[in-house]
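For reference, the structure is listed below as C-alpha coordinates.
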2 protein chains.
Amino acid sequence: MLVVKSAAGKPVLPFVWSVDGEALEQTARELAKDITGHGIPWLAPGVAIASKKHPADAALSVPFVGVMSATMPTPGGSAWYPVDVLPALAPRQKAMAEGALETLRLHMDVAPVAFRLLPPVFTLSELQQAYELLLGRLLHKASFRRALQAAYLAEPTDEWRSEGRGRPAQLFKFSPRKRRGGHRSVRFDLIGH
Amino acid sequence: MLVVKSAAGKPVLPFVWSVDGEALEQTARELAKDITGHGIPWLAPGVAIASKKHPADAALSVPFVGVMSATMPTPGGSAWYPVDVLPALAPRQKAMAEGALETLRLHMDVAPVAFRLLPPVFTLSELQQAYELLLGRLLHKASFRRALQAAYLAEPTDEWRSEGRGRPAQLFKFSPRKRRGGHRSVRFDLIGH
DNA sequence: TCAATAGTGTCTGTTAGACATTATGGA
DNA sequence: TCCATAATGTCTAACAGACACTATTGA
(Lines give C-alpha, C1' and ligand atoms only; values in the text may rest on other atoms or scores of the structure.)
Protein backbone atom coordinates (compact mmCIF):
# COMPACT_ATOMS: atom_id res chain seq x y z
CA MET A 1 0.00 0.00 0.00
CA LEU A 2 1.30 3.41 -0.91
CA VAL A 3 1.80 5.79 1.98
CA VAL A 4 3.03 9.36 1.82
CA LYS A 5 4.36 11.64 4.54
CA SER A 6 2.25 14.48 5.87
CA ALA A 7 3.64 17.94 6.57
CA ALA A 8 4.10 16.87 10.18
CA GLY A 9 6.06 13.84 9.08
CA LYS A 10 3.33 11.35 9.88
CA PRO A 11 2.34 8.63 7.44
CA VAL A 12 -0.92 9.29 5.65
CA LEU A 13 -2.72 7.82 2.69
CA PRO A 14 -2.53 9.87 -0.49
CA PHE A 15 -5.53 12.15 -0.86
CA VAL A 16 -6.94 15.20 -2.61
CA TRP A 17 -9.46 17.72 -1.41
CA SER A 18 -12.73 17.45 -3.16
CA VAL A 19 -13.30 19.52 -6.21
CA ASP A 20 -16.97 20.43 -6.22
CA GLY A 21 -18.96 17.93 -8.17
CA GLU A 22 -16.02 16.62 -10.13
CA ALA A 23 -16.17 13.03 -11.26
CA LEU A 24 -14.74 11.10 -8.35
CA GLU A 25 -13.08 8.29 -10.25
CA GLN A 26 -11.40 10.72 -12.62
CA THR A 27 -10.06 12.64 -9.66
CA ALA A 28 -8.71 9.47 -8.12
CA ARG A 29 -7.01 8.50 -11.38
CA GLU A 30 -5.35 11.87 -11.60
CA LEU A 31 -4.16 11.60 -8.02
CA ALA A 32 -2.60 8.23 -8.73
CA LYS A 33 -0.91 9.57 -11.82
CA ASP A 34 0.36 12.65 -10.03
CA ILE A 35 2.01 10.58 -7.34
CA THR A 36 3.38 7.65 -9.26
CA GLY A 37 3.82 9.17 -12.68
CA HIS A 38 1.88 6.35 -14.28
CA GLY A 39 -1.72 5.59 -15.07
CA ILE A 40 -3.44 3.07 -12.88
CA PRO A 41 -4.75 -0.03 -14.65
CA TRP A 42 -7.46 -0.92 -12.15
CA LEU A 43 -9.39 1.20 -9.71
CA ALA A 44 -12.51 0.66 -7.64
CA PRO A 45 -14.47 2.95 -5.37
CA GLY A 46 -14.76 2.15 -1.69
CA VAL A 47 -17.29 3.08 0.93
CA ALA A 48 -17.67 6.77 1.73
CA ILE A 49 -17.45 7.78 5.37
CA ALA A 50 -18.51 10.92 7.10
CA SER A 51 -15.76 13.05 8.61
CA LYS A 52 -17.22 15.24 11.27
CA LYS A 53 -13.95 16.46 12.67
CA HIS A 54 -11.92 16.35 9.51
CA PRO A 55 -9.02 18.79 9.77
CA ALA A 56 -10.11 20.67 6.66
CA ASP A 57 -13.81 20.41 7.39
CA ALA A 58 -14.55 18.05 4.57
CA ALA A 59 -17.92 16.44 5.12
CA LEU A 60 -17.18 13.18 3.36
CA SER A 61 -14.22 11.02 2.43
CA VAL A 62 -14.54 8.76 -0.58
CA PRO A 63 -11.76 6.16 -0.74
CA PHE A 64 -10.57 4.41 -3.87
CA VAL A 65 -8.53 1.24 -4.19
CA GLY A 66 -6.17 0.82 -7.07
CA VAL A 67 -3.76 -1.85 -8.13
CA MET A 68 -0.61 -1.23 -10.09
CA SER A 69 2.50 -3.09 -11.02
CA ALA A 70 4.71 -4.05 -8.12
CA THR A 71 7.75 -3.23 -10.23
CA MET A 72 6.78 0.44 -10.30
CA PRO A 73 9.54 2.66 -8.87
CA THR A 74 8.73 4.30 -5.55
CA PRO A 75 8.07 8.00 -6.01
CA GLY A 76 9.87 10.44 -3.71
CA GLY A 77 8.35 11.12 -0.31
CA SER A 78 6.32 7.94 -0.32
CA ALA A 79 6.77 4.31 0.50
CA TRP A 80 5.10 1.01 -0.33
CA TYR A 81 3.95 -1.26 2.46
CA PRO A 82 2.82 -4.86 2.33
CA VAL A 83 -0.94 -4.89 2.74
CA ASP A 84 -0.67 -7.03 5.84
CA VAL A 85 1.88 -4.80 7.57
CA LEU A 86 0.59 -1.25 7.49
CA PRO A 87 2.26 1.64 9.29
CA ALA A 88 0.49 3.48 12.10
CA LEU A 89 -2.24 5.47 10.41
CA ALA A 90 -4.88 7.68 11.95
CA PRO A 91 -7.94 5.66 12.96
CA ARG A 92 -10.10 6.79 10.09
CA GLN A 93 -7.33 6.20 7.57
CA LYS A 94 -6.74 2.79 9.03
CA ALA A 95 -10.40 1.99 8.62
CA MET A 96 -10.26 3.14 5.02
CA ALA A 97 -7.17 1.06 4.31
CA GLU A 98 -8.80 -2.03 5.73
CA GLY A 99 -12.01 -1.28 3.91
CA ALA A 100 -10.03 -0.90 0.73
CA LEU A 101 -8.63 -4.40 1.11
CA GLU A 102 -12.12 -5.68 1.74
CA THR A 103 -13.38 -3.97 -1.41
CA LEU A 104 -10.49 -5.40 -3.33
CA ARG A 105 -11.23 -8.94 -2.21
CA LEU A 106 -14.88 -8.56 -3.05
CA HIS A 107 -13.88 -7.68 -6.59
CA MET A 108 -11.26 -10.34 -7.12
CA ASP A 109 -13.75 -12.89 -8.37
CA VAL A 110 -15.12 -10.66 -11.08
CA ALA A 111 -12.00 -8.79 -12.16
CA PRO A 112 -8.52 -10.19 -12.78
CA VAL A 113 -7.02 -7.83 -10.25
CA ALA A 114 -4.01 -9.89 -9.29
CA PHE A 115 -2.58 -9.67 -12.81
CA ARG A 116 -2.33 -5.91 -12.39
CA LEU A 117 0.32 -6.37 -9.75
CA LEU A 118 2.61 -8.15 -12.15
CA PRO A 119 4.71 -7.08 -15.09
CA PRO A 120 3.40 -8.00 -18.55
CA VAL A 121 5.18 -11.32 -18.36
CA PHE A 122 5.33 -13.43 -15.23
CA THR A 123 5.68 -16.95 -13.89
CA LEU A 124 2.78 -18.91 -12.48
CA SER A 125 4.43 -18.95 -9.08
CA GLU A 126 4.52 -15.17 -9.11
CA LEU A 127 0.89 -15.06 -10.09
CA GLN A 128 -0.04 -17.40 -7.31
CA GLN A 129 1.91 -15.29 -4.83
CA ALA A 130 0.01 -12.23 -6.01
CA TYR A 131 -3.30 -13.99 -5.43
CA GLU A 132 -2.18 -15.16 -2.02
CA LEU A 133 -1.08 -11.69 -1.06
CA LEU A 134 -4.35 -10.12 -2.08
CA LEU A 135 -6.53 -12.85 -0.64
CA GLY A 136 -4.53 -13.12 2.54
CA ARG A 137 -4.27 -16.91 2.50
CA LEU A 138 -2.37 -19.74 0.88
CA LEU A 139 -3.59 -21.51 -2.24
CA HIS A 140 -3.14 -25.03 -3.47
CA LYS A 141 -0.65 -25.13 -6.32
CA ALA A 142 -2.12 -27.83 -8.48
CA SER A 143 -5.67 -26.57 -8.02
CA PHE A 144 -4.61 -23.03 -8.73
CA ARG A 145 -3.05 -24.00 -12.02
CA ARG A 146 -5.94 -26.18 -13.04
CA ALA A 147 -8.46 -23.43 -12.35
CA LEU A 148 -6.28 -20.94 -14.12
CA GLN A 149 -6.10 -23.09 -17.19
CA ALA A 150 -9.84 -23.65 -17.16
CA ALA A 151 -10.40 -19.90 -17.03
CA TYR A 152 -8.11 -19.11 -19.96
CA LEU A 153 -6.77 -16.14 -18.04
CA ALA A 154 -3.07 -16.73 -18.60
CA GLU A 155 -1.41 -17.50 -21.88
CA PRO A 156 1.97 -19.22 -22.04
CA THR A 157 4.82 -17.60 -23.91
CA ASP A 158 7.81 -19.48 -25.23
CA GLU A 159 10.18 -17.82 -22.79
CA TRP A 160 11.57 -19.24 -19.59
CA ARG A 161 13.20 -17.60 -16.61
CA SER A 162 15.80 -19.12 -14.35
CA GLU A 163 15.37 -17.79 -10.82
CA GLY A 164 18.63 -18.72 -9.14
CA ARG A 165 18.37 -22.38 -8.28
CA GLY A 166 15.68 -24.80 -9.28
CA ARG A 167 14.05 -25.58 -12.57
CA PRO A 168 13.36 -22.53 -14.76
CA ALA A 169 9.76 -21.37 -14.89
CA GLN A 170 7.79 -20.73 -18.02
CA LEU A 171 6.67 -17.15 -18.53
CA PHE A 172 3.02 -16.32 -19.07
CA LYS A 173 1.13 -13.24 -20.10
CA PHE A 174 -2.30 -12.01 -19.16
CA SER A 175 -4.98 -13.11 -21.56
CA PRO A 176 -8.13 -11.01 -21.08
CA ARG A 177 -11.07 -13.32 -20.94
CA LYS A 178 -12.81 -13.78 -24.25
CA ARG A 179 -16.09 -15.03 -22.78
CA ARG A 180 -14.97 -18.55 -23.53
CA GLY A 181 -17.38 -20.50 -21.41
CA GLY A 182 -17.74 -18.00 -18.62
CA HIS A 183 -17.44 -18.24 -14.90
CA ARG A 184 -18.09 -21.30 -12.90
CA SER A 185 -19.09 -20.77 -9.31
CA VAL A 186 -19.96 -23.18 -6.60
CA ARG A 187 -20.48 -21.02 -3.58
CA PHE A 188 -23.53 -21.63 -1.50
CA ASP A 189 -25.11 -18.37 -2.60
CA LEU A 190 -24.29 -18.98 -6.22
CA ILE A 191 -25.59 -22.39 -7.05
CA GLY A 192 -26.37 -22.40 -10.72
CA HIS A 193 -29.42 -23.95 -12.24
CA MET B 1 -37.46 -1.56 -4.28
CA LEU B 2 -39.13 1.25 -2.40
CA VAL B 3 -39.99 4.30 -4.45
CA VAL B 4 -41.64 7.48 -3.23
CA LYS B 5 -43.30 10.29 -5.14
CA SER B 6 -41.59 13.61 -5.54
CA ALA B 7 -43.42 16.92 -5.14
CA ALA B 8 -43.86 16.95 -8.91
CA GLY B 9 -45.39 13.49 -8.81
CA LYS B 10 -42.42 11.74 -10.31
CA PRO B 11 -41.02 8.55 -8.80
CA VAL B 12 -37.80 9.04 -6.87
CA LEU B 13 -35.75 6.98 -4.48
CA PRO B 14 -36.11 7.93 -0.84
CA PHE B 15 -33.38 10.33 0.24
CA VAL B 16 -32.32 12.85 2.82
CA TRP B 17 -30.12 15.89 2.47
CA SER B 18 -26.83 15.46 4.13
CA VAL B 19 -26.46 16.62 7.66
CA ASP B 20 -22.95 17.93 7.99
CA GLY B 21 -20.61 15.21 9.13
CA GLU B 22 -23.34 13.04 10.55
CA ALA B 23 -22.73 9.32 10.53
CA LEU B 24 -23.97 8.18 7.15
CA GLU B 25 -25.23 4.76 8.10
CA GLN B 26 -27.12 6.14 11.08
CA THR B 27 -28.76 8.69 8.81
CA ALA B 28 -29.76 5.98 6.38
CA ARG B 29 -31.25 3.90 9.16
CA GLU B 30 -33.27 6.84 10.37
CA LEU B 31 -34.52 7.51 6.87
CA ALA B 32 -35.65 3.93 6.52
CA LYS B 33 -37.39 4.05 9.86
CA ASP B 34 -39.08 7.36 9.07
CA ILE B 35 -40.53 6.02 5.85
CA THR B 36 -41.48 2.50 6.79
CA GLY B 37 -42.02 2.86 10.50
CA HIS B 38 -39.70 -0.05 11.20
CA GLY B 39 -36.03 -0.58 11.76
CA ILE B 40 -34.09 -2.12 8.92
CA PRO B 41 -32.38 -5.40 9.70
CA TRP B 42 -29.65 -5.20 7.07
CA LEU B 43 -28.04 -2.22 5.40
CA ALA B 44 -24.95 -1.76 3.30
CA PRO B 45 -23.31 1.32 1.85
CA GLY B 46 -23.01 1.70 -1.90
CA VAL B 47 -20.67 3.65 -4.08
CA ALA B 48 -20.74 7.42 -3.72
CA ILE B 49 -21.17 9.44 -6.89
CA ALA B 50 -20.52 13.08 -7.58
CA SER B 51 -23.54 15.21 -8.39
CA LYS B 52 -22.45 18.30 -10.20
CA LYS B 53 -25.87 19.48 -11.16
CA HIS B 54 -27.79 18.15 -8.24
CA PRO B 55 -30.99 20.16 -7.79
CA ALA B 56 -30.05 21.12 -4.25
CA ASP B 57 -26.38 21.58 -4.99
CA ALA B 58 -25.26 18.56 -3.01
CA ALA B 59 -21.75 17.63 -4.01
CA LEU B 60 -22.02 13.92 -3.35
CA SER B 61 -24.69 11.26 -3.15
CA VAL B 62 -24.04 8.26 -0.97
CA PRO B 63 -26.49 5.43 -1.63
CA PHE B 64 -27.39 2.70 0.82
CA VAL B 65 -29.04 -0.63 0.13
CA GLY B 66 -31.25 -2.16 2.73
CA VAL B 67 -33.29 -5.29 2.90
CA MET B 68 -36.42 -5.67 4.95
CA SER B 69 -39.29 -8.05 5.28
CA ALA B 70 -41.46 -8.32 2.20
CA THR B 71 -44.51 -8.55 4.42
CA MET B 72 -43.97 -4.99 5.62
CA PRO B 73 -47.01 -2.78 4.92
CA THR B 74 -46.51 -0.15 2.25
CA PRO B 75 -46.27 3.29 3.79
CA GLY B 76 -48.40 6.09 2.32
CA GLY B 77 -47.06 7.92 -0.72
CA SER B 78 -44.67 5.13 -1.64
CA ALA B 79 -44.71 1.86 -3.53
CA TRP B 80 -42.64 -1.30 -3.70
CA TYR B 81 -41.33 -2.48 -7.05
CA PRO B 82 -39.77 -5.80 -8.01
CA VAL B 83 -36.05 -5.24 -8.37
CA ASP B 84 -36.17 -6.37 -11.98
CA VAL B 85 -39.01 -4.05 -12.97
CA LEU B 86 -38.10 -0.58 -11.83
CA PRO B 87 -40.14 2.52 -12.68
CA ALA B 88 -38.71 5.33 -14.79
CA LEU B 89 -36.17 7.01 -12.57
CA ALA B 90 -33.86 9.89 -13.32
CA PRO B 91 -30.61 8.65 -14.88
CA ARG B 92 -28.52 9.11 -11.77
CA GLN B 93 -31.11 7.47 -9.58
CA LYS B 94 -31.36 4.61 -12.01
CA ALA B 95 -27.61 4.16 -11.84
CA MET B 96 -27.77 4.14 -8.07
CA ALA B 97 -30.58 1.62 -8.03
CA GLU B 98 -28.64 -0.70 -10.32
CA GLY B 99 -25.49 -0.16 -8.33
CA ALA B 100 -27.42 -1.00 -5.19
CA LEU B 101 -28.41 -4.33 -6.62
CA GLU B 102 -24.82 -4.96 -7.58
CA THR B 103 -23.68 -4.14 -4.06
CA LEU B 104 -26.33 -6.42 -2.67
CA ARG B 105 -25.21 -9.33 -4.83
CA LEU B 106 -21.61 -8.80 -3.87
CA HIS B 107 -22.62 -9.16 -0.24
CA MET B 108 -24.89 -12.14 -0.59
CA ASP B 109 -22.10 -14.65 -0.17
CA VAL B 110 -20.90 -13.21 3.11
CA ALA B 111 -24.17 -12.13 4.69
CA PRO B 112 -27.43 -14.05 4.82
CA VAL B 113 -29.26 -11.21 3.14
CA ALA B 114 -32.06 -13.21 1.60
CA PHE B 115 -33.38 -14.21 5.01
CA ARG B 116 -34.06 -10.56 5.76
CA LEU B 117 -36.72 -10.46 3.09
CA LEU B 118 -38.71 -13.12 4.85
CA PRO B 119 -40.80 -13.22 8.00
CA PRO B 120 -39.27 -14.98 11.03
CA VAL B 121 -40.74 -18.25 9.84
CA PHE B 122 -40.78 -19.32 6.22
CA THR B 123 -40.82 -22.27 3.85
CA LEU B 124 -37.79 -23.39 1.90
CA SER B 125 -39.57 -22.58 -1.34
CA GLU B 126 -40.01 -19.01 -0.16
CA LEU B 127 -36.37 -18.84 0.80
CA GLN B 128 -35.31 -20.12 -2.58
CA GLN B 129 -37.54 -17.57 -4.29
CA ALA B 130 -35.91 -14.83 -2.23
CA TYR B 131 -32.48 -15.99 -3.33
CA GLU B 132 -33.58 -16.19 -6.93
CA LEU B 133 -35.08 -12.72 -6.80
CA LEU B 134 -31.93 -11.20 -5.36
CA LEU B 135 -29.53 -13.11 -7.56
CA GLY B 136 -31.59 -12.62 -10.68
CA ARG B 137 -31.48 -16.24 -11.80
CA LEU B 138 -33.02 -19.62 -11.09
CA LEU B 139 -31.54 -22.11 -8.66
CA HIS B 140 -31.59 -25.87 -8.57
CA LYS B 141 -34.00 -27.09 -5.89
CA ALA B 142 -32.17 -30.16 -4.67
CA SER B 143 -28.79 -28.45 -4.71
CA PHE B 144 -30.16 -25.42 -2.96
CA ARG B 145 -31.52 -27.49 -0.12
CA ARG B 146 -28.40 -29.58 0.15
CA ALA B 147 -26.19 -26.51 0.36
CA LEU B 148 -28.55 -24.90 2.81
CA GLN B 149 -28.42 -27.90 5.09
CA ALA B 150 -24.65 -28.05 4.87
CA ALA B 151 -24.46 -24.39 5.88
CA TYR B 152 -26.71 -24.76 8.93
CA LEU B 153 -28.38 -21.49 8.02
CA ALA B 154 -31.99 -22.60 8.37
CA GLU B 155 -33.44 -24.50 11.26
CA PRO B 156 -36.64 -26.51 10.90
CA THR B 157 -39.56 -25.84 13.21
CA ASP B 158 -42.31 -28.33 13.89
CA GLU B 159 -44.90 -26.23 12.10
CA TRP B 160 -46.27 -26.73 8.63
CA ARG B 161 -48.15 -24.44 6.33
CA SER B 162 -50.69 -25.43 3.70
CA GLU B 163 -50.51 -23.04 0.78
CA GLY B 164 -53.75 -23.71 -1.08
CA ARG B 165 -53.12 -26.84 -3.08
CA GLY B 166 -50.17 -29.15 -2.87
CA ARG B 167 -48.37 -30.78 -0.01
CA PRO B 168 -47.91 -28.53 3.03
CA ALA B 169 -44.46 -27.10 3.52
CA GLN B 170 -42.43 -27.29 6.66
CA LEU B 171 -41.63 -23.96 8.23
CA PHE B 172 -38.07 -22.97 8.97
CA LYS B 173 -36.45 -20.18 10.90
CA PHE B 174 -33.20 -18.38 10.36
CA SER B 175 -30.34 -19.88 12.30
CA PRO B 176 -27.44 -17.43 12.49
CA ARG B 177 -24.29 -19.26 11.64
CA LYS B 178 -22.41 -20.53 14.63
CA ARG B 179 -19.10 -20.95 12.85
CA ARG B 180 -19.87 -24.62 12.55
CA GLY B 181 -17.37 -25.59 9.90
CA GLY B 182 -17.28 -22.30 8.08
CA HIS B 183 -17.64 -21.39 4.48
CA ARG B 184 -16.78 -23.62 1.64
CA SER B 185 -15.92 -21.94 -1.60
CA VAL B 186 -14.86 -23.27 -4.91
CA ARG B 187 -14.62 -20.20 -7.07
CA PHE B 188 -11.52 -19.75 -9.12
CA ASP B 189 -10.35 -16.85 -6.99
CA LEU B 190 -11.07 -18.65 -3.77
CA ILE B 191 -9.36 -21.98 -4.01
CA GLY B 192 -8.53 -23.05 -0.52
CA HIS B 193 -5.32 -24.60 0.54
C1' DT C 1 -58.92 -39.57 -9.58
C1' DC C 2 -55.92 -35.69 -11.02
C1' DA C 3 -53.22 -31.62 -10.37
C1' DA C 4 -49.98 -29.19 -7.77
C1' DT C 5 -46.50 -28.49 -4.65
C1' DA C 6 -43.01 -30.36 -1.06
C1' DG C 7 -39.41 -33.22 -0.15
C1' DT C 8 -35.97 -37.19 -0.99
C1' DG C 9 -32.97 -40.71 -3.17
C1' DT C 10 -29.84 -42.04 -6.67
C1' DC C 11 -26.64 -41.49 -10.39
C1' DT C 12 -23.00 -39.34 -13.05
C1' DG C 13 -19.65 -36.04 -14.43
C1' DT C 14 -16.69 -32.70 -12.54
C1' DT C 15 -13.26 -31.08 -9.52
C1' DA C 16 -10.71 -29.64 -5.18
C1' DG C 17 -7.23 -31.17 -2.46
C1' DA C 18 -3.70 -34.76 -1.36
C1' DC C 19 0.14 -36.98 -2.82
C1' DA C 20 3.70 -38.60 -5.58
C1' DT C 21 6.59 -38.23 -9.43
C1' DT C 22 9.21 -36.31 -13.08
C1' DA C 23 11.91 -32.30 -15.08
C1' DT C 24 15.60 -29.12 -14.91
C1' DG C 25 18.43 -25.96 -13.30
C1' DG C 26 22.47 -24.49 -9.62
C1' DA C 27 25.78 -25.62 -5.93
C1' DT D 1 25.61 -35.93 -6.34
C1' DC D 2 22.28 -33.32 -3.77
C1' DC D 3 19.03 -29.62 -3.38
C1' DA D 4 15.56 -26.49 -4.81
C1' DT D 5 11.96 -25.18 -7.63
C1' DA D 6 8.70 -26.08 -11.65
C1' DA D 7 5.38 -28.82 -13.72
C1' DT D 8 2.49 -32.85 -14.26
C1' DG D 9 -0.10 -37.21 -13.32
C1' DT D 10 -3.15 -39.95 -10.45
C1' DC D 11 -6.34 -40.90 -6.82
C1' DT D 12 -10.24 -40.05 -3.81
C1' DA D 13 -13.83 -37.74 -1.48
C1' DA D 14 -17.14 -34.34 -2.19
C1' DC D 15 -20.62 -32.23 -4.68
C1' DA D 16 -23.52 -29.87 -8.45
C1' DG D 17 -26.90 -30.81 -11.49
C1' DA D 18 -30.12 -34.16 -13.64
C1' DC D 19 -33.77 -37.07 -13.00
C1' DA D 20 -37.11 -39.67 -11.00
C1' DC D 21 -39.60 -40.84 -7.36
C1' DT D 22 -42.53 -40.54 -3.09
C1' DA D 23 -45.59 -37.66 0.01
C1' DT D 24 -49.49 -34.91 0.94
C1' DT D 25 -52.78 -31.71 0.27
C1' DG D 26 -57.12 -29.57 -2.52
C1' DA D 27 -60.23 -29.88 -6.34
Side-chain angles (χ1 to χ4, degrees), chain A residues 108-109 118-119 121-132 135 137-173 175 180-193, chain B residues 108-109 114 118-119 121-133 135 137-173 175 180-193:
Chain A
M108 283 196 65
D109 50 354
L118 303 173
V121 159
F122 49 85
T123 71
L124 293 190
S125 296
E126 288 167 350
L127 180 61
Q128 182 173 344
Q129 282 166 23
Y131 267 95
E132 289 173 343
L135 289 173
R137 59 204 181 83
L138 298 177
L139 302 180
H140 187 268
K141 184 172 75 163
S143 298
F144 178 77
R145 291 171 183 227
R146 259 190 315 230
L148 189 66
Q149 191 163 27
Y152 298 102
L153 276 175
E155 203 171 297
T157 71
D158 49 1
E159 294 175 89
W160 300 72
R161 181 196 298 157
S162 193
E163 198 75 48
R165 48 194 156 291
R167 171 174 171 178
Q170 189 170 14
L171 295 178
F172 287 72
K173 60 181 176 182
S175 156
R180 213 186 316 188
H183 250 336
R184 232 161 307 125
S185 57
V186 206
R187 275 220 196 160
F188 165 63
D189 314 85
L190 296 171
I191 303 157
H193 176 257
Chain B
M108 283 196 66
D109 50 354
L118 302 173
V121 160
F122 48 85
T123 71
L124 293 190
S125 296
E126 287 167 349
L127 180 60
Q128 182 173 345
Q129 282 166 23
Y131 267 95
E132 289 174 342
L133 177 67
L135 289 172
R137 60 202 181 83
L138 297 178
L139 302 181
H140 187 268
K141 184 172 74 165
S143 297
F144 178 76
R145 291 173 184 227
R146 259 189 316 229
L148 189 65
Q149 193 164 27
Y152 298 101
L153 276 176
E155 203 172 295
T157 70
D158 48 2
E159 293 176 89
W160 300 73
R161 180 197 297 157
S162 193
E163 196 74 48
R165 48 195 156 290
R167 171 174 171 176
Q170 189 171 13
L171 294 178
F172 287 73
K173 60 181 176 182
S175 156
R180 209 185 323 186
H183 251 338
R184 232 162 305 126
S185 56
V186 205
R187 276 218 194 161
F188 165 64
D189 314 84
L190 295 170
I191 303 158
H193 177 259

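All of these numbers come straight from a predicted model, not from anything done at the bench. Lettering of chains follows the sequences in order, A, B, ..., and the numbering in each one begins at 1.
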Measure the distance from [atom1] on [X] to [atom2] on [N] and round it to the nearest whole Å.
X: B:Glu126; N: C:dG7; atom1: CD; atom2: C1'; value: 15 Å
X: B:Leu171; N: C:dA6; atom1: CG; atom2: P; value: 12 Å
X: A:Gln170; N: C:dA23; atom1: CD; atom2: C1'; value: 13 Å
X: B:Arg161; N: C:dT5; atom1: CZ; atom2: P; value: 15 Å
X: A:Lys141; N: C:dG17; atom1: NZ; atom2: C1'; value: 14 Å
X: B:Leu124; N: D:dA23; atom1: CG; atom2: P; value: 19 Å
X: B:Leu148; N: C:dT8; atom1: CG; atom2: P; value: 12 Å
X: A:His140; N: D:dC11; atom1: NE2; atom2: C1'; value: 12 Å

### Task
For B:Glu132 and B:Leu139, indicate whether the former's side chain and the latter's backbone hold a donor-acceptor pair under 3.5 Å.
yes

### Query
Counting only N and O atoms by type, is there a donor-acceptor contact under 3.5 Å from the side chain of A:Glu126 to the main-chain atoms of A:Thr123?
yes

## Note on the structure
Residue pair A:Ala169/A:Arg146 against DNA chain D: nearer the 5' end by closest nucleotide is A:Ala169

### Message
Tell me the closest heavy-atom pair linking A:Phe172 and A:Leu124, and the distance in Å.
### Response
CE1-CG, 3.4 Å

### Query
So what does B:Thr123 hit on the nucleic acid, given a heavy-atom distance under 4.0 Å: a base, only sugar-phosphate, or nothing?
nothing

### Task
Taking the side chain as every heavy atom from C-beta outward, state whether B:Arg145 and B:Ser125 have any pair of such atoms under 4.5 Å apart.
yes

### Task
Please tell me if the side chains of B:Phe122 and B:Leu171 come closer than 4.5 Å, counting only heavy atoms from C-beta onward.
no

### A:Arg145 vs D:dA7: side-chain N/O to OP1/OP2 distance below 4.0 Å
yes

Please list, for nucleotides 24-27 of chain D, all pairs of protein and nucleotide N/O atoms separated by less than 3.5 Å.
{"unit_1": "D:dT24", "atom_1": "O2", "unit_2": "B:Arg167", "atom_2": "N", "d": "3.2"}
{"unit_1": "D:dT25", "atom_1": "O2", "unit_2": "B:Gly166", "atom_2": "N", "d": "3.2"}

### Query
Less than 6.0 Å separating the ring centroids of A:Tyr131 and A:Phe144?
yes

### Message
Could you work out, with side-chain hydrogen bond (donor to acceptor under 3.5 Å, both in side chains) as the rule, every residue matching A:Gln170, not counting sequence neighbours?
### Response
none

### Summary
Against the side chain of B:Ala142, the closest entry in D:dC19, C:dG17, D:dT8 is D:dC19

